[in-house]
2 protein chains.
Amino acid sequence: MSAEEQIDNLSKELEEVILGEDGKPLSKKALKKLEKEREKEKRKQEVAARLALEKAQREANVVDYGLENYGKLPMNQSQNKGETEWTRVRDLNKSKVGQTVDIQGRVQGSRPTGSKMCFLVVREGSSTVQGVVCVDSDQVSKQMVKYADSIPVESLVMIKAEVVAPEEEVLSCTVKDVELRVKKLFIISEAVARIPFSMEDATRGEEQEEKEGVTSVRVNLDTRLDNRVIDLRTITNNAIFRIQAAVGKLFREFLDTRDFVEIHSPKIIGAASEGGANVFEVSYFKRSAYLAQSPQLYKQMCISADFGKVYEIAPVFRAENSNTHRHLTEFVGLDLEMGFREHYHEVMFLIGELFLFIFAELEKRYSYELEVVRSQYPFEPFKFSDKPLRLEFKDAVALLREAGVAIEDYEDLSTENERLLGRLVREKFDTDFYMLDKFPSAIRPFYTMPDAQNPLYSNSYDFFIRGEEVMSGAQRIHDAAFLEKRALECGVDIESIKDYIDAFKYGCPPHAGGGVGLERVVMLYLNLGNIRRTSLFPRDPRRIYP
Amino acid sequence: MSAEEQIDNLSKELEEVILGEDGKPLSKKALKKLEKEREKEKRKQEVAARLALEKAQREANVVDYGLENYGKLPMNQSQNKGETEWTRVRDLNKSKVGQTVDIQGRVQGSRPTGSKMCFLVVREGSSTVQGVVCVDSDQVSKQMVKYADSIPVESLVMIKAEVVAPEEEVLSCTVKDVELRVKKLFIISEAVARIPFSMEDATRGEEQEEKEGVTSVRVNLDTRLDNRVIDLRTITNNAIFRIQAAVGKLFREFLDTRDFVEIHSPKIIGAASEGGANVFEVSYFKRSAYLAQSPQLYKQMCISADFGKVYEIAPVFRAENSNTHRHLTEFVGLDLEMGFREHYHEVMFLIGELFLFIFAELEKRYSYELEVVRSQYPFEPFKFSDKPLRLEFKDAVALLREAGVAIEDYEDLSTENERLLGRLVREKFDTDFYMLDKFPSAIRPFYTMPDAQNPLYSNSYDFFIRGEEVMSGAQRIHDAAFLEKRALECGVDIESIKDYIDAFKYGCPPHAGGGVGLERVVMLYLNLGNIRRTSLFPRDPRRIYP
């Protein structure tokens, strides 16, 4: 303030006559009091103004003390090798309360509570945990809470958090006894597209659906398959495909200890085997080739080549125009073939034991996965006996006749009769798994060995799970001349199977084997009702995408 | 003799006057002596005649006391379930001397010694034993010996025999310390066609060939492959394919303990991925489909679907018109893919450790098979370090330049330079296995993640065995927008890879992986020189049979 201004102010003060309520000029004391009140008021206003400004600033996001603790990371190009010890969501439990952990997972959903708190469901694989983002004085700002709520569903995040005991059990997550007090929250990979259905809808169990009634949304199978990458993320699908992998693993485990050799036979073949029907044609450098319908011929050639016992796990191709719940045009075949010493039952019972091993070990080692699947798709526990049950085809015919079915002695079983038979066998023998032996020759392939006593029957068998066929097998004809004779009788073009017949001209052990459809075993064991649920990216006459 | 004949004889006797040497009639005593001598002579002649008759009869095969002990069995239709305990040829050893055993095997060859003895070489799997068929007084007849020698080579037989210690070691068989004194010998399955080459010729080692010189016959690869069933019977091939199976088994074993999930992705795909070159077309219900060139897209989709870590062992199809020692149109891919936390080296080093595990366990568990292969195809022991050796592409360029090779910074390695590099690395680091990291971006597929500092390099790697590439891998681009950008830059048709790009729009962990050619690993590890030797029924542009 300049000297002139000061003089001006002083003059104004002198000119101003301060009057009391009575109109008389105020006393010196009263003046002093008034002055004090004025100053007080001024300070009050100053504070209010400052507070208002601060409030305005906060609301205008000018100050954010949590800024360093959230955001979107640059694309990972392996810029850094960190020393971080990552904790898996499934490993979170009470023993970790009080610890600070680093986790990675997807934001499956978020739910804000006022402006100071937000709940997250964070999923990693088949486990979910509740995250709580709550404003505190130094790390988590209101802005960070708002950000947490804005993260697109299914984005992948990394979180640093304190493990705390929740006030009550977290019913909505698989991790129920702890939750995470989030301190840092970064997006690793952002979901940029809107997901076609919610994980909750895609994972809801049938029982839960009934409870929730009309309000719940069911995701139909075609929508799932069209968006398979999202669909496969559900904890149920995660479990289904772990069980599928387990079946293959147990199959190999059992056979490896019995001296089987794993083989890899060609899928592109020069001649359409087994008659040429239902076979896909391939353009092969200006000529035609075909996709193998099974490794049948090749695994038998390996027996003739003295491999002794072989198995193969590989794709199998069938150009059948069948749009049923149990047919695929491409599926995974679990095939095996074995030279035997005297009788094909050496092989048949070995395969029976193999199935029992798989059933028993699934229950032992994969109880968690089985429970996860069961909670979405309920199924009755699988019944099986200590020793594989063997029935003959003629016993099956008798059982069906007893139940009032009109069936000829050598007539094939319809799908309907197979199912009925499954129920009858379950009632009588208390098992969901059995082996049906001695099928009529007429309904088996030409290379099936006829029964020694009655050639109208053959040394062949099917295995059943919950009343549906999962495996077909037989003793094969190992004598070249007899094989040729049977091929001719069955109208098979000899020229097209020349390599096959020739394979037996240099001596071949008697042998038997079988082929199992992996997807079918898993579907029936888990009672999933449609084979597309047990194929990663199913192929049928109408579907070759994605 | 009639009465008249008797009278005639008597008259003749009376007429006959027996005179001594002096011309006088003999005395009564002398007559008696003469009579005795005559009778003695008669008896002698009778015995001789009987013996001659018996001899003639034996020689005319009229009597065969061994008849029950040899012959051809009727075709096995599982007529009988025996109680026989079968002994495997490979289990025959000194501890069994004096025992009677039952075995099954093939007659690999026979060699008669006079008419009373015949040596057989009997083979089961990769083991051979000497059988001796030798005439004895009650079981083994001369006819049986003759029969043994007449059995067509490669026929399958069952033998009951006594285990005996041979006079000297049997050098020509794998079982050297015992031989079999054959008591029964039956053909189970007769070789009705003449085999195109002998097992001895097909199994002869290179060293042995040199020793035997011009007299030995070499079976060329095409002849082998045209008659693959016979060729695969050699103990060497038997061992090669046991080693092939072992590589797959060890691959899974290592990954299973690290929480990988085995997947089965479709081989029939709707769109020709990766640009559409070198892809086989399939007729698929009036439209076109293609055979997958790799599970690349699908294993990545599984990562986006939260499977975490996946592997697949399955056929891979390449319509490349390459007729080289290391290309097949169909081979077995060992593929893996893994989401990582921070840096792709987490994945690359895991794959490095996987290879070291396979090498170490092959030596531990399959030393017998390795020895069998080595004796036909000699190779230097495989050298590898405790930790996988990692070199960068620019180090490789520097090494090659030091060795006088003119090569640009970002130029791809020729097959020749790869081999030279392998030798240089072996000299410098004493290993036949190494990982080459940080390849130039320009020579890798569009979906490869560029290096963060220098985008002319990328986060990609190749693995080498004995100077040839066996695996190619990289960090993949997990960001949909960046992936699309890179595809456009590389001239890839975006529409054809829409499903692939879309898979990353819902958030995806950063991930890396790789693909291994099974046949190539086995070929290079065993130094077999041609990939067709490690494929069961190889497929190349010219071969789709058998």
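So that the names make sense, note that chain A is the first sequence line, chain B the second, and so on, each numbered from 1. Quick caveat: nothing in here was measured; it's all calculated off a predicted structure. All values below come from the heavy atoms of this structure, side chains included, with hydrogens, waters and symmetry mates left out.
At a 4.5 Å heavy-atom cutoff, the contact between A/V282 and chain B is made by backbone and side-chain atoms alike. For a residue to count as touching a neighbouring chain, one of its non-hydrogen atoms must lie under 4.5 Å from one of that chain's; by this rule B/Q475 touches chain A with the side chain only. In this structure, chain B has heavy atoms under 4.5 Å from both the backbone and the side chain of A/M301. Residue contact with chain B, scored on non-hydrogen atoms closer than 4.5 Å, involves the side chain of A/F482 exclusively. For B/Y500, no part lies near chain A; criterion is any non-hydrogen pair under 4.5 Å. Using a 4.5 Å cut-off between heavy atoms, A/T84 touches chain B through backbone and side chain atoms alike. Proximity to chain A (any heavy atom under 4.5 Å) is restricted, for B/F317, to the side chain, taken from C-beta onward. Of the two parts of B/V332, only the side chain, counted from C-beta on, holds a non-hydrogen atom closer than 4.5 Å to a non-hydrogen atom of chain A. Both the backbone and the side chain of A/P450 come within less than 4.5 Å of a heavy atom in chain B. Heavy atoms of A/N459 lying under 4.5 Å from chain B belong exclusively to its side chain. Of the atoms belonging to A/L291, it is side-chain heavy atoms, and not backbone ones, that fall under 4.5 Å from chain B. For a residue to count as touching a neighbouring chain, one of its non-hydrogen atoms must lie under 4.5 Å from one of that chain's; by this rule A/D451 touches chain B with the backbone only. Neither the backbone nor the side chain of A/Q453 comes within contact range of chain B; no heavy atoms are under 4.5 Å apart. Of the atoms belonging to A/R252, it is side-chain heavy atoms, and not backbone ones, that fall under 4.5 Å from chain B. In this structure, the portion of B/L518 lying under 4.5 Å from any heavy atom of chain A is its side chain and not its backbone. Proximity to chain A is limited to the side chain of B/R106, based on heavy atoms less than 4.5 angstrom apart. With a 4.5 Å cut-off on non-hydrogen atoms, A/E320 touches chain B through its backbone but not through its side chain. Contact annotation for A/E519: neither backbone nor side-chain heavy atoms come within less than 4.5 Å of a heavy atom of chain B. Of the atoms belonging to A/Y311, it is side-chain heavy atoms, and not backbone ones, that fall under 4.5 Å from chain B.
Closest non-hydrogen pair, A/G507 versus B/S189, comes out as CA-OG, 3.4 Å. Counting all heavy atoms, side chain and backbone alike, A/E330 lies closest to B/S265 at OE2-O, 4.0 Å. Between B/P509 and A/L156 the shortest heavy-atom distance is CA-CD2, 3.5 Å. Of all heavy-atom pairs between A/N238 and B/A305, the closest is ND2-O, 4.4 Å. Counting all heavy atoms, side chain and backbone alike, A/S283 lies closest to B/F280 at O-CD2, 3.3 Å. Between B/P541 and A/R287 the shortest heavy-atom distance is O-NH2, 3.7 Å.
Taking CD1 from A/I230 and NZ from B/K505, the interatomic distance works out to 12.0 Å, rounded to the nearest 0.5 Å. Note that CG of A/N76 is 11.0 Å distant from SG of B/C508, once rounded to the nearest 0.5 Å. In this structure, CD in A/E342 is found 8.5 Å from CD in B/E83, a value given to the nearest 0.5 Å. The distance from the CZ atom of B/F537 to the CG atom of A/L297 is 9.5 Å, given to the nearest 0.5 Å.
At a threshold of 4.5 Å between non-hydrogen side-chain atoms, the residues B/F285 and A/N321 count as touching. Here the side chains of B/C302 and A/F241 are not in contact, with every heavy-atom distance at 4.5 Å or above. Using a 4.5 Å cut-off on side-chain heavy atoms (C-beta onward), B/R233 and A/S304 make contact. Using a 4.5 Å heavy-atom threshold, the side chains of B/Y284 and A/T329 count as touching. Residues B/R88 and A/D259 have side chains in contact (heavy-atom distance under 4.5 Å, counting atoms from C-beta outward). At a threshold of 4.5 Å between non-hydrogen side-chain atoms, the residues B/P315 and A/H264 do not count as touching. Within the 4.5 Å cutoff, the side chain of A/R123 has heavy atoms near those of the B/D306 side chain. Using a 4.5 Å heavy-atom cutoff, the side chains of B/K249 and A/E262 are not in contact.
Ranked by heavy-atom pairs shorter than 4.5 Å toward chain B, the options A/S78, A/G125, A/A289 are led by A/S78. If you tally non-hydrogen atom pairs under 4.5 Å between each of A/K81, A/R194, A/R242 and chain B, the highest count goes to A/K81. Comparing B/Q79, B/R539, B/E281 by how many heavy-atom pairs each has under 4.5 Å with chain A, the most go to B/R539. For chain B, the option among A/D479, A/V153, A/N80 with the highest count of heavy-atom pairs below 4.5 Å is A/N80. In terms of heavy-atom pairs under 4.5 angstrom with chain B, the leader among A/R542, A/E154, A/H478 is A/H478. By number of non-hydrogen pairs under 4.5 angstrom with chain A, the leading residue of B/E346, B/K267, B/E124 is B/K267. Comparing B/V192, B/I195, B/I268 by heavy-atom pairs within less than 4.5 Å of chain A, the highest count is held by B/I268. The candidate with the highest count of non-hydrogen atom pairs below 4.5 Å against chain B, out of A/G248, A/P266, A/A245, is A/P266. Between chain B and the residues A/A193, A/A512, A/S535, the most heavy-atom pairs under 4.5 angstrom are made by A/A193. Contact tally against chain A (heavy-atom pairs below 4.5 Å) for B/E190, B/M449, B/Q244: the top residue is B/M449.
Evaluation of the side chain to side chain donor-acceptor pair (under 3.5 Å) rule for B/D499 yields no partner, not counting sequence neighbours. Not counting sequence neighbours, the partners of A/H343 by the ring-ring contact (aromatic ring centres under 6.0 Å, His included) test are A/H345.
A donor-acceptor pair is defined here as one N or O able to donate and one able to accept, closer than 3.5 Å; no such pair exists between the side chain of B/Q77 and the backbone of A/P455.
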